[in-house]
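Contents: one structure, followed by commentary.
Each residue takes its place number in the sequence, starting with 1. Owing to the predicted nature of the structure, the values given are computational and were not obtained by experimental measurement.
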Amino acid sequence: LSAIAPNPTARDLWVSFVLPTSAPATLRLYDVAGREVRSRDVGGAAAVRPVNLGEGGLLPMGVYVVRLTQGGKTVSARVSVVR
């Protein structure tokens with residue numbers, strides 16, 4: 001994960017990342033209770049790519065975890081949603 005912006009956010013949640021290979025990868029958003037809120041398949045190209053996990057919708061206020069998984073490796077970061 002190279003950037004999550006804006007953080008905190010009110011609506012859009014842009015996540016930028018670098019994939020080391022073109023293998024399948026998944027970007028997921030979890031709430032603090034560990035429930036998956038959003039999921040996107042993002043593999044297929046080894047490059048820096050921005051993805052909007054907020055998708056223009058309103059997420060409930062709170063703290064979330066963004067998790068990027070490719071192969072056996074996972075990285076994560078926290079993000080806050082405020083109004």
Side-chain angles (χ1 to χ4, degrees):
L1 295 172
S2 53
I4 299 175
N7 188 9
T9 186
R11 184 173 293 262
D12 290 324
L13 178 59
W14 287 98
V15 180
S16 297
F17 53 92
V18 177
L19 295 175
T21 70
S22 60
T26 306
L27 189 62
R28 292 185 172 97
L29 183 66
Y30 294 93
D31 65 14
V32 290
R35 295 177 295 233
E36 186 177 294
V37 177
R38 302 259 164 85
S39 178
R40 299 272 300 269
D41 291 327
V42 294
V48 176
R49 302 179 357 170
V51 172
N52 186 359
L53 277 180
E55 300 171 342
L58 291 174
L59 292 166
M61 290 190 332
V63 176
Y64 293 83
V65 175
V66 174
R67 186 170 291 156
L68 176 63
T69 303
Q70 185 179 43
K73 295 187 179 186
T74 299
V75 294
S76 60
R78 279 192 234 163
V79 63
S80 298
V81 174
V82 297
R83 304 253 188 288

**Message:** Which heavy atom of Val66 sits nearest to which heavy atom of Leu1, and what is that distance?
**Reply:** O-CD1, 4.0 Å
**Request:** Identify the heavy atoms of Leu19 and Ala25 that sit nearest to each other, and give their distance.
**Result:** CD2-CB, 3.8 Å
**Request:** Specify the closest pair of heavy atoms between Pro20 and Gln70, including all atoms of both residues, with the distance to one decimal.
**Result:** CD-OE1, 3.1 Å
**Prompt:** How would you list all residue pairs meeting salt bridge (charged side-chain N to carboxylate O under 4.0 Å, His left out) that involve residues 63-82, not counting sequence neighbours?
**Reply:** none
**Item:** Same apolar cluster (I L V M F W Y, side chains within < 4.5 Å links), Val15/Tyr30
**Value:** no
**Fill in**
Between the OH atom in Tyr64 and the CG atom in Leu13, the distance rounded to the nearest 0.5 Å is 9.5 Å
**Asked** Are Val51 and Val37 in one and the same hydrophobic cluster, where Ile, Leu, Val, Met, Phe, Trp and Tyr link if side-chain heavy atoms are under 4.5 Å apart?
**Response** yes
**Fill in**
Those residues at least two apart in sequence (or on a different chain) that pass salt bridge (charged side-chain N to carboxylate O under 4.0 Å, His left out) with Arg40 are Glu55
**Item:** Ser80 OG to Leu59 CG distance, which is reported to the nearest 0.5 Å
**Value:** 12.0 Å
**Message:** Using modelled atom types and a 3.5 Å cut-off, is there a donor and acceptor pairing between side-chain atoms of Glu36 and backbone atoms of Arg28?
**Reply:** no
**Request:** State whether the side chain of Asp41 and the backbone N or O of Thr26 hold a donor-acceptor pair below 3.5 Å, judged by distance alone.
**Result:** no
**Message:** Suppose we screen for side chain to side chain donor-acceptor pair (under 3.5 Å). Which residues come up paired with Ser76, at least two apart in sequence or across chains?
**Reply:** none
**Message:** Among residues at least two apart in sequence or on other chains, which ones pass side-chain contact (heavy atoms from CB on, under 4.5 Å) with Arg11?
**Reply:** Leu58
**Request:** State, to 0.1 Å, how close Gly71 and Thr69 come at their nearest heavy-atom pair, and which atoms those are.
**Result:** O-CG2, 4.0 Å
**Exercise: identify the closest heavy-atom pair between Arg38 and Gly54** = NH1-O, 3.1 Å
**Value rounded to 0.5 Å, distance of CD1 in Ile4 from OG1 in Thr9** = 10.5 Å
**Fill in**
By side chain to side chain donor-acceptor pair (under 3.5 Å), Ser39 pairs with (sequence neighbours left out) none
**Asked** Within a strict 4.5 Å, meaning less than it, do heavy atoms of the Val42 and Leu68 side chains meet?
**Response** yes
**Asked** Can you check side chain to side chain contact (heavy atoms under 4.5 Å, CB included) on Val75 and Phe17, steps first, answer last?
**Response** CA-CA 10 Å; Val75 294; Phe17 53 92; over 6 Å; no
**Prompt:** With Ala3, which residues qualify under side-chain contact (heavy atoms from CB on, under 4.5 Å), at least two apart?
**Reply:** Ser16
